[in-house]
Number of protein chains: 2
Amino acid sequence: MSKIQHRNLYREVADRVRDLIERGELMPGERISEKELCESFGVSRTPLREALKVLASEGLVELLPNRGARVMRLTLKMVKDTYDLMSALEGLSGELACQHISDKEIDKICGLHERMLDHYRKRELQEYFQVNQQIHESILAASNNEVLQEMYNNLSQRVKRVRYSKQMTDTFWRQAVEDHENMIAALKKRDGPLLGQILRDHLCNKLEVASLSGVIEEEASPSAANS
Amino acid sequence: MSKIQHRNLYREVADRVRDLIERGELMPGERISEKELCESFGVSRTPLREALKVLASEGLVELLPNRGARVMRLTLKMVKDTYDLMSALEGLSGELACQHISDKEIDKICGLHERMLDHYRKRELQEYFQVNQQIHESILAASNNEVLQEMYNNLSQRVKRVRYSKQMTDTFWRQAVEDHENMIAALKKRDGPLLGQILRDHLCNKLEVASLSGVIEEEASPSAANS
DNA sequence: TGGTGGTATTATGAATTCAAAATGCTAAAA
DNA sequence: TTTTAGCATTTTGAATTCATAATACCACCA
């Protein structure tokens, strides 16, 4: 029996705004007009304002007192810092996963790994990333630590909108796949410390950061803030 | 020149409620009556409700749709999970600190370390914990990663109210001090991976968890929820 | 006596209203 | 021509009001 979802308006609104930010319809630094959004959602200002408060404490939105809200702007440093954090959390997730994971779950992840290898061999970058992400998500889920999952998802949400333009060089890609081979081995042995180490050092995140150096505006470029 | 603090009511209110929770004037599971709090703060319901939304997404408060707010109840598992997370974050903070920390800051931490040792020798538990905490905070600050600091502080806030009744056995205490000796050594060498490792495994957190097993109600004991 | 149904009360959710701050515009002065 | 003062407009902050869901209470019935 599935739970009855008492959805309040402010939750609904928060989800919608989150979505707008994620898909880039609200750009970083862009002013969020309460009036405009209220009209497009067909709600009054109260639930919208409540939603904005929530999004602010999630780090997606910036509230300037008496001057409204704007989509949080990501500096290169913030993104780097966030990825560092995510690596550490992934490390922990691996360590914990080894303590809790069932044989069946390991099998499932191995299956994903095989599929990933397949996409690697066929050089299907898009599909590769997708399965790759599923593997990391599975490990995170196996950690059996909900606080960890909540935090990781929050961080991931923050940087989601800059997740594109991942150009893999051949050497990087090979190294990443090698990391995954080692991960699977550690997982099968249920060697938590080892899996943790591998995940913390896994260069997938590091790579993304590296490839970002051009994509994000560095520090406050005042012009980008306006309108 | 210090920034002008445009403090909105909802921030003020959130701080006040956070404080009430931290100091145990609002107990876990206790119903939060909007009317009552509004009257005691002398504000209308709007800013209070906004504050509650924020506190909810900070994990301090639980919002039951159409049924009001209550102080988040901590299960033993949640606290354990949170401490696991905090250890991982401390590990990261150590790793990063080694990359950024100045000689002067290292000196400062060494000074704190000496003071801590002194309290250890004199068996001044209270003072020991205080200086101990300052050391960890200094390392966190030296990490130069604000996202990390924000997240650590949030987690710390969540479990603050169960931070008491730390009874140290002699062996534990000695081990903890030994850890600190190694930490200082790693810090002086600026050996990030080593300091990270030590901090992740530092049994201070593990100890606290262990000592909690009796303190917190395990899982939903329905009676504790009411009134 | 225990349980069910229905009404009254209370508390929450959301819209509206009122107040205050910020912004934009025009005009006057340096 | 540029700057600044002052007013009008817009936008945000907070209180109030209205609507709706939850709770408490009581009578009625088995």
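Chain A is the first sequence line, chain B the second, and so forth, proteins listed ahead of strands; every chain is numbered from 1. Any value given below was found using the heavy atoms of this structure, including those in side chains, with hydrogens, waters and symmetry copies removed.
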Cut-off 3.5 Å, no hydrogens considered: what does the side-chain donor-acceptor table look like for residues 141-149 of chain B, sequence neighbours left out?
residue: B:S143; atom: OG; partner: B:L140; partner atom: O; Å: 2.7
residue: B:S143; atom: OG; partner: B:N145; partner atom: N; Å: 3.3
residue: B:N145; atom: OD1; partner: B:V147; partner atom: N; Å: 3.1
residue: B:N145; atom: OD1; partner: B:L148; partner atom: N; Å: 2.9
residue: B:N145; atom: ND2; partner: A:D81; partner atom: O; Å: 3.2

Quickly work out the [X] [atom1] to [N] [atom2] distance and round it to whole Å.
X     : N      : atom1 : atom2 : result
B:R11 : D:dA14 : CZ    : P     : 11 Å
A:L48 : D:dT11 : CG    : C1'   : 13 Å
A:L37 : D:dT11 : CG    : P     : 13 Å

Qualifying residues under side chain to side chain contact (heavy atoms under 4.5 Å, CB included), relative to [X], sequence neighbours excluded:
X      : answer
A:L63  : A:L52, A:K53, A:A56, A:V61, A:A69, B:Y10
A:R45  : A:E34, A:C38, A:R49
A:E124 : A:H119, A:K122, A:E127
A:E95  : A:R200

The contact string for nucleotides 8-14 of chain C, one letter per nucleotide 5' to 3', using protein heavy atoms under 4.0 Å with B, S and - for base, sugar-phosphate only and none, comes out as ---SBBS
